[in-house]
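Each remark here refers to the structure printed beneath this line.
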Amino acid sequence: MKDNKANGYGVATKYKDDKFKSKRHSNDKKLTTEAKSLVRSGLFMSGANIGLKGETLPDDAENEVLKAQELSNINLGSVDIVVMSSCVSGLGETSGAGGFGIQRGFKLAGANILLMSLWKVDDTATQLLMTEFYKNYLSGKTKQESLRLAQQSLRKNPEYSNPEYWAAFILLDGIN
């Protein structure tokens with residue numbers, strides 16, 4: 001299995017000089033578990049590596065990091081499914097109120113169903129699984145059936161029959 005990097009990060013903040021600096025909020029102890037998680041979880045967009053290296057971003061670029069907190073304020077009520085095929089996209093902090101992380105940002109924003117992974121996933125196996133998922137889904141099968149068939153496809157492949165390659169992916173709130 002390839003050593004993939006998760007898309008998680010500490011906290012990235014954009015400053016006036018368009019550079020990122022890692023920063024811990026001084027009032028972290030006062031924040032709820034959900035609030036901490038929404039600030040500490042996010043997605044690195046194209047170009048984020050430039051800012052994270054401390055290099056100057058192009059004039060037309062935003063900070064290239066979308067925090068779960070920012071995401072939670074976007075109206076995604078008409079989004080039926082969000083597919084996060086990256087490593088450990090389904091993980092986050094947990095409490096009695098459930099799991100917190102990037103998935104919480106999507107759910108607070110109104111996304112209906114999330115397809116996400118629970119552990120590090122192999123790039124090639126993920127590509128095969130996602131290709132099968134979309135092929136099945138676009139042919140009219142349900143999201144649940146599409147994922148099940150995609151996982152079955154990998155299980156039948158001797159190179160990817162081990163559950164580490166196909167079982168990481170789940171549908172959150174996938175009841176319809």
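For clarity, every value in this text was computed on a predicted model and none was experimentally measured.
- The CG atom of Asn136 sits 9.5 Å away from the OG1 atom of Thr142 when rounded to the nearest 0.5 Å.
- At least one side-chain heavy atom of Ile170 sits less than 4.5 Å from a side-chain heavy atom of Leu118.
- Rounded to the nearest 0.5 angstrom, Leu76 CG and Leu71 CG are separated by 6.0 Å.
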Could you check Leu149 against Phe133 for side-chain contact (heavy atoms from CB on, under 4.5 Å), going step by step and ending with a plain yes or no?
CA-CA 7 Å; Leu149 290 170; Phe133 172 80; over 6 Å; no

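- A 4.5 Å side-chain heavy-atom check between Ile74 and Glu70 finds every atom pair outside the cut-off.
- Separation of atoms CD (Glu159) and OG1 (Thr124) is listed at 7.5 Å; rounding is to 0.5 Å.
- Closest of all the heavy-atom pairs between Lys107 and Ala111 is NZ-O, 3.0 Å.
- A salt bridge links Glu132 with Lys135: the closest approach of a Lys/Arg side-chain nitrogen to an acidic carboxylate oxygen falls below 4.0 angstrom.
- Closest of all the heavy-atom pairs between Ala150 and Leu129 is CB-O, 3.5 Å.
- Looking at Val83 and Tyr134, their side chains come closer than 4.5 Å, going by heavy atoms from C-beta outward.
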Is there a side-chain contact (heavy atoms from CB on, under 4.5 Å) between Val121 and Glu164 once you walk through the steps?
CA-CA 7 Å; Val121 288; Glu164 73 180 296; over 6 Å; no

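- Taking 4.5 Å as the limit, every side-chain heavy atom of Val79 sits out of range of all side-chain heavy atoms of Ile113.
- By the side chain to side chain donor-acceptor pair (under 3.5 Å) test, Tyr160 pairs with no residue at all, sequence neighbours left out.
- For Gln127, the side chain to side chain donor-acceptor pair (under 3.5 Å) criterion is met by no residue, not counting sequence neighbours.
- With rounding to the nearest 0.5 Å, the separation of CH2 in Trp166 from CG in Asn157 is 13.0 Å.
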Worked verdict on Leu171 versus Met116 for side-chain contact (heavy atoms from CB on, under 4.5 Å)
CA-CA 7 Å; Leu171 288 168; Met116 56 194 183; over 6 Å; no

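- Note that CE of Met84 and OG of Ser117 are 8.0 Å apart. Values are rounded to the nearest 0.5 Å.
- One distance of note links CD of Gln69 with CD1 of Ile102; it measures 11.5 Å at 0.5 Å rounding.
- Side chain of Gln103 to backbone of Leu115: no donor-acceptor contact under 3.5 angstrom is found.
- Remark: the backbone N or O of Tyr137 is paired with a side-chain donor or acceptor of Ser146 at under 3.5 angstrom.
- Every residue two or more places apart in sequence or in another chain that forms a salt bridge (Lys or Arg N to Asp or Glu O under 4.0 Å) with Glu145 is listed here: Arg148.
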Evaluate the criterion side-chain contact (heavy atoms from CB on, under 4.5 Å) for residue pair Thr131 and Leu128; output intermediate values, then yes/no.
CA-CA 5 Å; Thr131 300; Leu128 293 169; 5.8 Å; no

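- Between Phe106 and Leu114 the shortest heavy-atom distance is CB-CD2, 3.6 Å.
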